[in-house]
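See structure below.
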Amino acid sequence: MAVLVCGGAGYIGSHMVAALIEKGEEVIVLDNFQKGHRNAILGGTVYEGDVRDKNILNKIFSENTIDSVIDFAADSLVGESVHEPLKYFNNNIGGTINLLEVMKEYGVKHIVFSSTAATYGEPKNIPIKEEDDTIPTNPYGESKLAVEKILKWCDKAYGIKYTVLRYFNAAGAHVNGRIGEDHRPETHLIPIILEVALGKREFITIFGNNYETKDGTCVRDYIHVMDLVNAHSLALERLRMGGESRIYNLGNGQGFSVKEVIEVARKVTGKEIKDVVADRRAGDPAVLVASSNKAMDELSWVLEYNSLETIIKTAWDWYKNHPNGYNY
Ligand code: UFG
């Protein structure tokens, strides 16, 4: 019985593949390698192709005995999604519909789906709970919310059981030092800060210091990629044991401001890390912090790497040894 990981060459997907291999699972990876990296895949059988292509999906499902799917395959840049909404709807919604159609055809009943804090939009309450309003403020969040709704109907009609995982800010790198975060272009806070520490950039731009937060900069909930991936494993186990469909937030419940993240990075790296304050970035909510109590209670999810120092240290270890990311 194999687990199909769609988008398994990406940042979170590759950490998932590593975790499944460590558990002795049979792993099949599908990735179109537009953003993913071949040397990020530490094992399993790899198929190059796109979830929007039924032929490759049919080939995978006919050549292997897939019992579950974990779906990371998506475009995930909030800013880009505002300018190219159709790209996001086509890939993120269209791709998952294709996948569900093939799952239905082959009688595959379990899917763990990557969703996002962006489904909530501008939150009314902090920490954010799963039952809070979902009013996305960008097409990326809208595309993920649309799939969440599609999953609900596929459960009712076809008995496909799902676990939707709404990630907050994934960060850090594998403790084995072999895989980490390498986005092109890089837009995320911690990798950019570490590029400054490495001397690849001159400074980190702080997007706005006039938010209503403790120090005026945006507050986010940074969750270690290893903890994130562990929640997927627990969700998969629960589905395989006959668990019902569920939606869970995945964050560590602590909010850190942009300035605090930079300060911790200075401590961890021992580098100066120059910062420059600029205007706000469009569409950034002031505070996004998760309540992950539901995942902790129902999945018995325990955070292992929840200090920001550890998160940044693992990322720093990866960058120091891979200054050119996966181009080595
Ligand atoms: N930031 C800066 N300077 C930078 C980059 C980021 O100040 O150069 C700030 C942002 O304004 C934000 C915080 O750092 O306040 C974190 O920004 P990221 O770009 O690292 O992450 P986001 O919170 O924007 O995005 C994350 C995920 C998305 C998801 C989103 C949900 O990466 O996939 O949360 O809102 F959609």
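Quick caveat, the model's predicted, so the values are computed rather than measured. Note that ligands are numbered from 1 as they come in the structure, with each ligand's atoms numbered from 1 the same way.
Taking the six-membered ring for Trp and the full ring otherwise, Phe113 and His232 have centroids separated by 6.0 Å or more. Taking the six-membered ring for Trp, Trp318 and Tyr326 have ring centres closer than 6.0 Å. For an aromatic pair to be called close, the ring centres must be under 6.0 Å apart, and Tyr11 with His15 satisfies this.
When the heavy atoms of Thr217, Asn169, Leu189, Thr119 are ranked by distance to atom 21 (O) of ligand 1, first place goes to Asn169. Nearest-residue assignment for atom 4 (C) of ligand 1 (options Phe168, Phe207, Tyr211; heavy-atom criterion): Phe207.
Residue-level proximity to ligand 1 for Arg281 is carried by the side chain, the only part with a heavy atom below 4.0 angstrom.
Of all atoms in ligand 1, numbered sequentially from 1 with element shown, those under 4.0 Å from a heavy atom of Thr205 are 2 (C), 3 (N), 4 (C), 7 (O), 8 (O). The distance from ligand 1 to the heavy atoms of Cys218 drops below 4.0 Å at these ligand atoms: 15 (O). Below 4.0 Å from some heavy atom of Ile206 lie the following atoms of ligand 1, by number and element: 7 (O). Interface atoms of ligand 1 facing Thr187, defined by a heavy-atom separation under 4.0 Å, are 5 (C), 19 (O). Within ligand 1, the atoms closer than 4.0 Å to a non-hydrogen atom of Thr116 are 29 (C), 31 (C), 36 (F), numbered from 1 in the order shown. Within the listing of ligand 1, atoms 33 (O) sit less than 4.0 angstrom from a heavy atom of Ser76. Each of the atoms 35 (O) of ligand 1 lies under 4.0 Å from some heavy atom of Leu288. Within the listing of ligand 1, atoms 36 (F) sit less than 4.0 angstrom from a heavy atom of Val78.
Donor-acceptor pairing under 3.5 Å is recorded for the side chains of Ser257 and Asp215. Remark: the Ser14 side chain and the His37 side chain contain no N/O donor-acceptor pair separated by less than 3.5 Å.
The closest side-chain heavy-atom distance from Ser81 to Ser143 is not below 4.5 Å. Between Ile56 and Tyr47 there is a side-chain heavy-atom pair separated by less than 4.5 Å.
Summary of contacts: the protein heavy atom closest to atom 9 (C) of ligand 1 is Val258 CG2, 3.7 Å. Protein heavy atom closest to atom 11 (O) of ligand 1, with residue, atom name and distance, is Asp284 OD2, 2.5 Å. From the protein, the heavy atom lying nearest to atom 27 (C) of ligand 1 is His188 NE2, 4.3 Å. Protein heavy atom closest to atom 36 (F) of ligand 1, with residue, atom name and distance, is Tyr140 CE2, 3.0 Å. When hydrogens are left out, the protein atom nearest atom 31 (C) of ligand 1 is Ala118 N, 3.6 Å; that is the closest non-hydrogen contact.
Note on Glu195 versus Arg201: salt bridge recorded, some NZ/NE/NH1/NH2 to OD/OE distance being below 4.0 Å. Taking a cutoff of 4.0 Å between a charged side-chain nitrogen and a carboxylate oxygen, Glu244 and Lys109 do not qualify as a salt bridge.
For the ligand labelled ligand 1, residue Tyr222 lies inside the 4.0 Å heavy-atom shell.
Exactly one residue among Val3, Val29, Val229 makes a side-chain contact (heavy atoms from CB on, under 4.5 Å) with Leu20. That residue is Val3. Each of Asn306, Val289, Val219 was compared with Gln254 under the side-chain contact (heavy atoms from CB on, under 4.5 Å) criterion, and only Asn306 meets it.
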